[in-house]
There are 2 protein chains.
Amino acid sequence: MTSTSPPPAPATERLPLRERKKLRTRQALVDTALRMFTERGFDATTLDELCEAVEVSKRTFFRTFASKEDVALAPVQDLWHAVLDDLSTRLPDGRPVLHQLQDTMLATVGRMAADGWTERLRASRRLISQVPAVEAHSLHFCNRTSRAAIAILRQRLALPDPGDPRPRLALGMLLTAVDCALDAWASRPGPATRTGLAADLRAAFAAIPDGLTLTAGPAGPGPR
Amino acid sequence: MTSTSPPPAPATERLPLRERKKLRTRQALVDTALRMFTERGFDATTLDELCEAVEVSKRTFFRTFASKEDVALAPVQDLWHAVLDDLSTRLPDGRPVLHQLQDTMLATVGRMAADGWTERLRASRRLISQVPAVEAHSLHFCNRTSRAAIAILRQRLALPDPGDPRPRLALGMLLTAVDCALDAWASRPGPATRTGLAADLRAAFAAIPDGLTLTAGPAGPGPR
DNA sequence: AGGCTTGTGCCACTCAGTGGCACAACAGAG
DNA sequence: CTCTGTTGTGCCACTGAGTGGCACAAGCCT
């Protein structure tokens with residue numbers, strides 16, 4: 001993973017000029033990309049155009065992001081990086097792994113600090129819904145993230161051996177629920193709020209056990 | 001989805017010459033691609049080389065497949081297309097949706113008819129594990145497939161409204177389990193068998209509820 | 001201030017992917 | 001069997017994401 005997520009805002013002032021400039025460039029690329037991709041379309045916006053708007057070379061773009069999709073996904077990736085960070089430091093308790101993961105997710109959302117993060121996250125998630133290449137890239141990133149989460153958990157918990165599918169299944173449930181929540185939240189008109197996202201996440205997490213037991217009768221003959 | 005999966009083998013002889021030639025070309029591209037990608041690497045094999053080996057133009061390649069990844073994924077996609085076909089015709093019963101989906105999956109595996117399908121499926125799944133671009137593409141395809149499955153189910157069952165996350169969660173569980181099973185099966189040395197795949201699928205399906213409840217104590221201080 | 005390290009832009013290039021078009025091959029009717 | 005219409009193929013030129021090399025600029029540290 002080439003993208004580097006920004007460190008917490010308060011520590012930024014202590015970084016050398018070089019680092020600060022890099023972060024500024026990164027942020028300018030993300031903000032401009034989200035704006036241009038949203039206004040004119042992902043495929044219709046070339047990297048040449050994006051780099052000209054930000055006044056950096058394409059070479060610099062690729063030093064900052066691994067791909068065109070990566071810049072579109074940066075806000076989502078930043079969120080998941082923060083989740084993994086939290087998971088790395090969080091004390092495990094005796095509850096089911098899935099519940100611990102859910103709490104980590106909610107705690108991270110409660111702690112996101114970057115100015116405007118919710119608007120950027122929403123724009124990013126909307127691109128996922130609208131652009132096949134971005135969606136594919138996002139799914140791949142989430143898959144890698146779930147593997148990283150399992151690796152972190154493996155250091156802290158006595159997880160079953162790597163051939164056992166249960167940790168993967170637990171992470172899969174979490175990811176599907178988070179995706180449903182993000183989709184619902186990002187689709188909603190009005191301001192993108194932290195509390196709205198947390199509510200959507202809680203609702204999706206609560207629905208997970210029902211995925212196991214959902215039954216449905218035959219479709220009725222009535223109008224649909 | 002540009003790729004067209006081959007019809008059941010016995011009906012092939014009734015097709016016009018044009019159709020038969022197209023299927024032959026498609027199969028030659030799949031077989032040669034799997035071989036070349038496996039021997040020398042996906043990224044190290046260019047489409048020019050593949051098309052020269054099969055003696056078709058690149059233009060024809062792109063009339064047959066939507067992308068380079070698609071040809072690598074063809075066997076996996078063929079399997080899922082068959083699953084969706086089965087789902088379209090299967091009579092719904094009153095059991096949980098997830099169980100019905102599992103049975104559909106197993107029935108389809110029991111019914112796959114193309115010569116050598118297991119070896120091709122295994123080669124394809126191995127490329128998914130080894131090549132990031134193929135894995136991303138596969139995840140995206142499976143995501144689209146789960147949406148298609150929900151659409152099919154929606155016509156036959158009184159599923160909850162589209163905003164309800166439970167059908168997505170059920171499909172997510174199925175897909176994660178199938179992926180675990182395919183991964184385990186494809187990683188195994190020796191012949192790729194139908195019964196081996198069915199066994200792996202059954203084991204993964206049985207593990208799904210445990211994903212909900214999995215608990216793990218703190219990692220021990222022992223050597224790891 | 002000077003020397004070293006790191007970052008940037010420029011350039012040439014590759015390769016997946018696209019669209020247009022002339023010609024070839026097939027299908028079906030008479 | 002012939003003829004005509006339909007469909008498929010290959011060729012060609014091109015685009016844009018992505019890559020690697022290298023000279024020079026900018027920052028850092030003594």
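We use all heavy atoms of the structure for the numbers below, so side chains are in, but hydrogens, waters and symmetry mates are not. Proteins come first, then strands; the chains are lettered A, B, ... in the order of their sequence lines, and each starts at number 1.
- Taking both residues in full, the closest heavy atoms of B/Ala204 and B/Ala181 are given as CB-CB, 4.1 Å, listed atom of the first, atom of the second, then distance.
- Nucleotide C/dA16 holds its P atom 14 Å from the CD atom of B/Glu52, rounded to whole Å.
- At least one side-chain nitrogen or oxygen of A/Lys22 sits closer than 4.0 Å to the OP1 or OP2 atom of C/dG7.
- As a whole-Å value, the separation of A/Arg20 CZ from C/dG7 C1' is 16 Å.
- Between B/Arg63 atom CZ and C/dC21 atom C1' the separation is 11 Å, expressed in whole Å.
- Within 6.0 Å of atom CD in B/Glu52, 12 or fewer heavy atoms from other residues, nucleotides or ligands are found, so the atom counts as exposed in its surroundings.
- Mapped onto DNA chain D by nearest heavy atom, B/Val56 and A/Glu19 fall at different nucleotides, with B/Val56 at the one closer to the 5' end.
- Here A/Thr45 lies in heavy-atom contact (under 4.0 Å) with sugar-phosphate atoms only.
- Across all strands shown, A/Glu49 has no heavy atoms under 4.0 Å from either base or sugar-phosphate atoms.
- Remark: C1' of D/dG8 and CZ of B/Arg24 are 14 Å apart, rounded to the nearest angstrom.
- OP1 and OP2 of D/dT9 both lie 4.0 Å or more from every side-chain N or O belonging to B/Ser57.
- Under 3.5 Å, the side chain of B/Arg18 and the base of D/dT6 form at least one donor-acceptor pair of N or O atoms.
- Put simply, CZ on A/Phe65 is 15 Å from P on D/dA17, counting in whole angstrom units.
- Side-chain atoms of A/Glu69 lie closest to D/dG18 of the nucleotides C/dG17, D/dC11, D/dG18.
- A donor atom on one side chain and an acceptor atom on the other are not found under 3.5 Å apart for A/Thr118 and A/Arg122.
- With hydrogens and angles ignored, the 3.5 Å screen pairs a side-chain donor or acceptor of B/Thr38 with a backbone N or O of B/Leu34.
- Residue B/Arg59 is the one, among B/Leu17 and B/Arg59, whose nearest nucleotide of DNA chain C lies closer to the 5' end (criterion: closest heavy atom).
- With D/dC28, C/dG17, D/dT7 as the candidates, the nucleotide lying closest to the side chain of B/Lys68 is C/dG17.
- In the set D/dC22, C/dG17, C/dG20, C/dG17 carries the atom at the smallest distance from any side-chain atom of B/Lys58.
- For the pair B/Leu50 CG and C/dC15 C1', the interatomic distance rounds to 14 Å; values are reported in whole Å.
- The pair A/Asp179-A/Arg125 meets the salt-bridge criterion, since a charged nitrogen lies less than 4.0 angstrom from a carboxylate oxygen.
- With rounding to whole Å, A/Asp70 atom CG is found 13 Å from D/dA17 atom C1'.
- Phosphate proximity of C/dC26 to B/Lys21: present, with a side-chain N or O under 4.0 Å from OP1 or OP2.
- Atom pair A/Asp48:CG and C/dG9:P shows a separation of 13 Å (rounding to whole Å applied).
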